[in-house]
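Below, read A as the first sequence line, B as the second, and so on, with proteins coming before strands; counting in each chain starts at 1. Remember, it's a predicted structure, so these values are computed and weren't measured experimentally.
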Protein chains: 2
Amino acid sequence: MGTHERKEREKEQRREDILDAAQRVFFERGLAVATMDDIAETAELSKGTLYLYYKSKEDLYLTVMMRGMQLLYDVFSEVANGAYSPAKMLSRLSEVYLNYFNNHRDYFRMMHYLQAPQFHKQISEEVKQSCSVLNQRIWDLVNGMLQQCIDGGLLRKDLNPAEVGLILWSSATALMLRIDNEEGIWREAFQLNLHDVLKLSNSLLFDAICTEKGRLELKALSNS
Amino acid sequence: MGTHERKEREKEQRREDILDAAQRVFFERGLAVATMDDIAETAELSKGTLYLYYKSKEDLYLTVMMRGMQLLYDVFSEVANGAYSPAKMLSRLSEVYLNYFNNHRDYFRMMHYLQAPQFHKQISEEVKQSCSVLNQRIWDLVNGMLQQCIDGGLLRKDLNPAEVGLILWSSATALMLRIDNEEGIWREAFQLNLHDVLKLSNSLLFDAICTEKGRLELKALSNS
DNA sequence: CGTAATTAATGACCATCAGTCATTTATTTC
DNA sequence: GAAATAAATGACTGATGGTCATTAATTACG
């Protein structure tokens, strides 16, 4: 009798249903404003039931967020497996990250609204672990690509791919966060178009990390 | 009779005392974990009294934070008024910001733990206004210095000082935030020393925004 | 079947905490 | 020194994350 297996599937399905509900609520309201009662109501379950499947609100939040991380992993994977030249790979990488920001803003937001150590208290070890594994996989992927760019002569050989990756990602992300929640302020107070600033920031950094030859390759690409 | 004036002074003093208490508590626990009862106890007052002087917990938080902003304004001011050469000015600017990060970590943290729009709900218009005025003054100061760097031939003439300022500040700050709460993770998972990454990031960006002549000047400085 | 045992779901309840307000205490005025 | 004013208090409210004894549904099995 496959009763046990069916029940396992049903349980897994319920876990997913709850996650879907949580996603809707977190997307709409954010971690701090979303309440477990909102999520329970959206999932058409009682609050107590949520806690049978997830240990805390933060666990639920991170589990939704991991969907976004997986999505990012997938788009980066496509670039990594796209048999591109180093120059094309680097430009695609920056392109797909910008697309990710534009088209999956909700996930992007979730991934960066977690700095504060206060929110880490309620996270279970399992979820923290899964999160960090997924994170590591993404970085390994990116570092691999950057290593290829270095080996291919696009990027300066004296640079460490992990350092370059962190610098590129960190500066792009910082500006994206401003775009996400301060775009109006910067436009009004300083007449700055943050999207342009992001482009400039990227091109300055690319300029600085490329070899002479690499710069020409990238320029050729952006002109085509 | 100066009774009225004395009472005004006393009131102002109490406001400061409450702010001192709030600062101690926020430094120690952060916005989310600090409670108004903690602050009240530290100030040796009842919670109700706090609300006679500040409209909300968030207002109190921002008012403490503004002390930090003023401090930053002051150190930037010193650089602006230091009669430095453009190259020296730029390197001092980046130096004092790093010092600020290292020596006033608590204020630094406070200034960057406010992204989430959820926390902005309870902020009064007055405080928001003061904050934004102070912010504007800091940026005007920095933009003025960067304009001098451009005029002095250190930085490329085709760049907009506001854009350059935002890029430099934003990338440095993003890495400082990592240093502040993820230093161990990056060291262990990727063998990265984030302080070195910050230095590299800065030097890459400086390289990219300087004129040929500017690069030499900066290099001469860092060798001396 | 039908009954016992197991599993799943519930929602009343608890603790915490920002913010309020009727009451109390202190100060000033005259 | 009594009345008026100002300052301070802390019990209370409402919101919310999380718990758990109870109830409902499902399964196992004689």
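In terms of polar N and O atoms assigned as donor or acceptor, the side chain of B/K47 comes within less than 3.5 Å of the base of C/dA18 in a complementary pairing.
The side chain of B/S46 has D/dG10 as its nearest neighbour among C/dG11, D/dG10, C/dG19. Among the nucleotides C/dA8, C/dT10, D/dT9, the one closest to the side chain of A/K11 is C/dA8. Nearest nucleotide to the B/T35 side chain, out of D/dT9, D/dG17, C/dC17: C/dC17. Out of D/dA8, D/dG17, C/dA9, the shortest distance to the side chain of A/K57 is found at D/dG17. Out of C/dA18, C/dG11, D/dA8, the shortest distance to the side chain of B/Y51 is found at C/dA18. Of the candidates D/dG18, D/dT9, C/dA18, the closest approach to any side-chain atom of A/E58 belongs to D/dG18.
To the nearest angstrom, C1' of C/dA8 lies 16 Å from CD of A/Q13. Between A/L52 atom CG and D/dG18 atom P there is a gap of 14 Å when expressed in whole angstrom units. We find that CD of B/E8 is positioned 8 Å from P of D/dA7, with the value rounded to whole Å. The separation between B/E41 atom CD and C/dA18 atom P is 14 Å, rounded to whole Å. Taking atom CG of B/L50 as the reference point, atom C1' of D/dA8 lies 11 Å away to the nearest angstrom. Between the CG atom of A/L60 and the C1' atom of D/dT16 there is a distance of 15 Å, rounded to whole Å. A straight line from OH of B/Y54 to P of C/dA18 spans 17 Å, rounded to a whole angstrom. Between the CG atom of B/D37 and the C1' atom of D/dA11 there is a distance of 12 Å, rounded to whole Å.
Side-chain nitrogen and oxygen atoms of A/Q122 include none within less than 4.0 Å of the OP1 or OP2 phosphate oxygen of D/dG17.
Residue A/Q136 forms a side-chain contact (heavy atoms from CB on, under 4.5 Å) with just one option from A/D140, A/I138, A/V133, and that option is A/D140.
In this pair, B/Y100 and B/H104 present their aromatic rings tilted. The plane angle is within the 30 to 60° band.
Along DNA chain D, the nucleotide closest to A/T49 and the one closest to B/R14 are compared, and the more 5′ of them pairs with B/R14. Along DNA chain C, the nucleotide closest to B/E10 and the one closest to B/M36 are compared, and the more 5′ of them pairs with B/M36.
Between B/M65 and B/F26 there is no side-chain heavy-atom pair separated by less than 4.5 Å.
Cation-pi contact between B/R137 and B/Y73: present, with separation from the ring centre below 6.0 Å and deviation from the ring axis of at most 45°.
As judged by a 4.0 angstrom heavy-atom cut-off over every strand, A/A34 is placed among residues touching the sugar-phosphate backbone only.
Salt bridge status for B/R92 with B/E78: absent, with no side-chain N to carboxylate O gap under 4.0 Å.
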